[in-house]
Number of protein chains: 2
Amino acid sequence: MNIRDLIYLRAIARHGHFGKAAESCNVSQPTLSVQLQKLEADLGVTLIERTKRSAMLTPIGDRVLGLADDALGAVDAIRSITAEASDPFSGQFRFGSIPTISPFLVPDVLRALGGSFPRLQLVFRENITERLTEDLLNGDLDAAILATQPETPRLMAIPLYDEPLLVIYPIGHDLGALDHLDVSDLPLDQMILLSEGHCFRDQAVDLCRLKSRTTLAETSVTSLETIISLVVAGQGISIVPALAQSSGWLDRPNLGVKSLQNANATRQLNLTFRKTSPRRALLKAVAEQMHAVLN
Amino acid sequence: MNIRDLIYLRAIARHGHFGKAAESCNVSQPTLSVQLQKLEADLGVTLIERTKRSAMLTPIGDRVLGLADDALGAVDAIRSITAEASDPFSGQFRFGSIPTISPFLVPDVLRALGGSFPRLQLVFRENITERLTEDLLNGDLDAAILATQPETPRLMAIPLYDEPLLVIYPIGHDLGALDHLDVSDLPLDQMILLSEGHCFRDQAVDLCRLKSRTTLAETSVTSLETIISLVVAGQGISIVPALAQSSGWLDRPNLGVKSLQNANATRQLNLTFRKTSPRRALLKAVAEQMHAVLN
DNA sequence: GAATATTCATAGGTCAGGCCTATCATAATG
DNA sequence: CATTATGATAGGCCTGACCTATGAATATTC
């Protein structure tokens with residue numbers, strides 16, 4: 001059986017005439033004649049009763065036609081939705097980012113993407129790198145803004161922004177007296193960090209361990225907001241991404257902010273997605289939009 | 001697009017693997033690879049995201065698959081109902097007969113057909129010849145038991161029974177005294193006939209006019225039952241088909257019954273159907289059953 | 001009722017396209 | 001780094017869908 005055969009059947013039933021049906025299908029009359037015979041032979045029943053006067057459906061032919069209409073309807077629906085979706089800048093775009101990026105970035109990014117890609121239906125999801133990576137790999141996510149390089153060759157990343165890391169401390173802290181700040185100057189025992197699982201914690205740890213093996217303070221929390229509050233309250237110092245400052249999160253009384261001189265005191269934000277993703281054009285355009293927002 | 005393509009898509013989606021999907025479809029892997037590419041090119045979208053690890057559906061691919069399942073379900077249903085219907089002795093059998101036959105014949109015929117063709121769903125309809133013929137021609141009826149020969153070459157008839165015509169009269173009527181009755185003996189002015197439109201009226205008229213042009217009595221009614229009652233009540237005489245007697249309808253006190261000697265005092269019952277009907281085998285078998293019931 | 005028209009079926013030939021085997025490129029695995 | 005697994009590509013074969021030309025049977029017309 002063939003979709004074409006069902007179309008032919010429908011045409012013959014509608015016109016009650018092989019010749020006119022053939023014309024409506026843009027084929028010759030013998031074609032329809034032969035194809036319908038094959039369909040009938042295939043199914044083992046007579047679908048059309050031929051008269052010199054009219055070609056009319058048999059009862060079973062009528063039931064088959066009803067089902068054929070169902071099938072053809074589904075096929076039309078396939079053509080219809082794929083025609084819409086053939087625009088690469090339409091449909092759902094499901095992306096995520098990590099908690100140390102989303103609060104500073106997502107409002108602007110959503111606004112920018114919504115403006116540039118009006119036919120795109122944006123779905124955003126926040127999670128830690130590990131979970132976002134899983135979702136990327138199993139296809140539940142189209143892209144993610146991450147601060148780490150992909151660990152599997154199945155993912156690839158487009159760089160978005162080299163983000164400096166800043167030290168924050170309570171006003172009156174010794175750090176306030178230093179002109180040029182280096183990682184080695186930081187009192188690691190006063191450091192407040194995010195809890196395990198946040199890549200930003202790992203990055204802070206890596207950065208500090210470069211210069212010192214002193215154990216870090218045990219205090220660990222689950223959001224930058226809490227960390228800032230703790231520092232403001234004089235409970236310790238911390239490292240935060242520069243976007244927090246440009247977003248105004250660090251404009252708090254009693255909070256000192258200093259940049260680090262170390263060359264590697266940055267994290268690289270990137271747009272990560274499956275290397276095999278069929279939406280490369282869209283991803284590239286999205287990355288450009290994000291780059292524009294960030295730089 | 002092609003039904004096969006949708007089957008391939010479904011197989012690839014189910015197995016997540018071109019090779020296994022190909023095996024399940026009994027084709028080679030390159031076949032699936034190429035056919036899916038063609039389908040994607042045809043629709044203008046990527047349906048499957050290929051990885052060395054797994055072939056997974058894109059979001060649009062998933063929606064297409066859902067519709068493909070609908071289409072394939074309808075196709076399966078077509079195969080299913082046609083497989084059942086390929087038995088020529090199954091499905092609906094819609095037949096009719098005229099009012100001067102049905103009361104004597106239909107109960108026995110329904111019983112006989114029901115016993116011989118248990119998978120046949122019998123639908124019976126009573127009407128006058130003209131309406132039954134219309135229904136036959138437009139396909140609303142598979143066959144009809146008629147007492148007239150088809151007037152159009154599009155219909156054909158299998159003879160079932162040569163039914164004698166009988167004269168009925170009230171006991172005490174002059175006719176009771178005659179040994180051998182001929183049409184010419186009948187007092188036409190006392191004749192009670194069915195109303196216009198009933199073929200049996202026309203046949204009675206034809207039969208009588210052969211011998212006489214005397215006008216017939218104006219009394220005309222719409223059922224044999226009423227005619228018999230009128231004759232019993234002494235209102236006149238009439239002609240009835242022999243089946244009425246074998247069915248016991250004429251076993252009434254005060255009713256005399258005599259056969260006619262004329263050679264043409266019969267009507268021929270036949271099974272009429274479209275010459276183009278695809279159910280010739282069934283019709284032949286049905287006619288044989290009816291013949292057996294009648295003879 | 002013979003001639004003409006209409007309609008579906010058949011025949012033969014052409015060509016696209018679906019399928020195969022063989023092979024390649026790339027990625028996962030040990 | 002070698003091996004295995006997987007999907008893509010190439011080239012050739014062959015089915016089958018399509019066309020034109022024609023036939024057979026029925027309708028219509030004069």
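Values reported hereafter were calculated over all heavy atoms of this structure, with side chains retained and with hydrogens, waters and symmetry mates removed. Letters A, B, ... are given to chains in the order of the sequence lines, protein chains preceding strands, and every chain is numbered from 1.
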*Asks:* Just by modelled atom types, is the A:Phe95 backbone N or O under 3.5 Å from a matching donor or acceptor in the A:Asp142 side chain?
*Replies:*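 Not a single qualifying donor-acceptor pair exists.
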*Asks:* Do the side chain of A:Thr58 and the main chain of A:Leu47 share a donor and acceptor less than 3.5 angstrom apart?
*Replies:*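 Yes: the side chain of A:Thr58 pairs with the backbone of A:Leu47.
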*Asks:* Tabulate protein N/O versus nucleotide N/O from nucleotides 25-27 of chain C, keeping only pairs under 3.5 Å, one per line.
*Replies:*
none

*Asks:* Give, ordered by number, those residues of residues 26-35 of chain A having at least one heavy-atom distance below 4.0 Å to an atom of DNA chain D; if nothing qualifies, reply none.
*Replies:*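 Nucleic-acid contacts, sorted: A:Asn26, A:Val27, A:Ser28, A:Pro30, A:Thr31, A:Gln35.
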*Asks:* So, OP1 or OP2 of C:dG17: does either fall under 4.0 Å of a side-chain N or O from B:Lys38?
*Replies:*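 False: B:Lys38 side-chain N/O out of range (4.0 Å or more) of C:dG17 OP1/OP2.
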*Asks:* To the nearest Å, how far apart are B:Glu49 CD and D:dT6 P?
*Replies:*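 Computing the B:Glu49:CD to D:dT6:P distance gives 18 Å.
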*Asks:* Without swapping roles, check the side chain of B:Arg274 against the backbone of B:Leu136 for a donor-acceptor pair under 3.5 Å.
*Replies:*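 Indeed, once roles are kept as given, a pair shorter than 3.5 Å links the two residues.
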*Asks:* Which nucleotide in the list C:dG17, C:dT10, D:dA8 gets nearest to the side chain of B:Arg50?
*Replies:*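 Selected nucleotide: D:dA8.
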*Asks:* Write down the distance between CG (A:Leu39) and P (C:dA9), rounded to a whole number of angstrom.
*Replies:*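 Computing the A:Leu39:CG to C:dA9:P distance gives 13 Å.
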*Asks:* Without decimals, in angstroms, what is the distance between B:Gln37 CD and D:dG7 C1'?
*Replies:*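 The distance from CD of B:Gln37 to C1' of D:dG7 comes to 9 Å, rounded to the nearest Å.
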*Asks:* Donor-acceptor pair, B:Asp87 side chain versus B:Phe89 backbone, under 3.5 Å?
*Replies:*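 Checking the backbone N and O of B:Phe89 against the side chain of B:Asp87, a donor-acceptor pair under 3.5 Å is found.
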*Asks:* Hydrogens and angles aside, do B:Thr100 and B:Arg267 bring a side-chain donor and acceptor to less than 3.5 Å of each other?
*Replies:*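 There is such a pair between these side chains.
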*Asks:* Expressed as a whole number of angstroms, how long is the span from B:Leu155:CG to D:dA27:C1'?
*Replies:*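 Taking atom C1' of D:dA27 as the reference, CG of B:Leu155 is at 15 Å.
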*Asks:* What is the separation between atom CG on A:Leu137 and atom C1' on C:dA28, rounded to the nearest whole Å?
*Replies:*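 Roughly 14 Å, once rounded to whole Å.
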*Asks:* Looking at A:Glu49 and B:Gly139, would you say the former's side chain and the latter's main chain have a donor-acceptor pair under 3.5 Å?
*Replies:*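 Judged by distance alone, no pair lies under 3.5 Å.
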*Asks:* Which whole-number value in Å describes the distance from B:Asn2 CG to C:dA16 C1'?
*Replies:*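 Whole-Å distance recorded here is 13 Å.
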*Asks:* When you measure from every atom of DNA chain C, which of residues 11-23 of chain B have a heavy atom less than 4.0 Å away?
*Replies:*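 None - not one residue of the stretch has a heavy atom sitting under 4.0 Å from the strand.
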*Asks:* Figure out the CE/C1' separation between A:Met56 and C:dC8, and round it to whole Å.
*Replies:*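 My rounded result for the distance is 15 Å.
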*Asks:* If I take atom CD1 in residue A:Ile7 and atom C1' in nucleotide D:dA17, what distance separates them, rounded to the nearest angstrom?
*Replies:*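 To the nearest whole Å, that distance equals 14 Å.
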*Asks:* Calculate, to the nearest 0.5 Å, the distance between atoms CG and SG belonging to B:Leu146 and B:Cys199 respectively.
*Replies:*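 Going from CG on B:Leu146 over to SG on B:Cys199, the span is 7.5 Å.
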*Asks:* With a 3.5 Å distance limit and no angle check, can you tell me whether A:Arg119 reaches the backbone of A:Ser90 through a side-chain donor-acceptor pair?
*Replies:*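 No, because the side chain of A:Arg119 does not come within donor-acceptor range (under 3.5 Å) of the backbone of A:Ser90.
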*Asks:* Within the distance-only criterion (no hydrogens, no angle test), does the side chain of A:Ser80 pair as donor or acceptor with the backbone N or O of A:Asp76 below 3.5 angstrom?
*Replies:*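 No.
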*Asks:* Decide if atom CD of A:Glu23 counts as having more than 12 heavy atoms of other residues, nucleotides or ligands within a radius under 6.0 Å.
*Replies:*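 It does not: A:Glu23 CD has 12 such atoms or fewer within range.
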*Asks:* Between A:Ser277 and A:Arg279, is there a donor-acceptor pair closer than 3.5 Å when you use the side chain of the first and the backbone of the second?
*Replies:*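 Side chain of A:Ser277 to backbone of A:Arg279, a donor-acceptor pair under 3.5 Å: yes, one is there.
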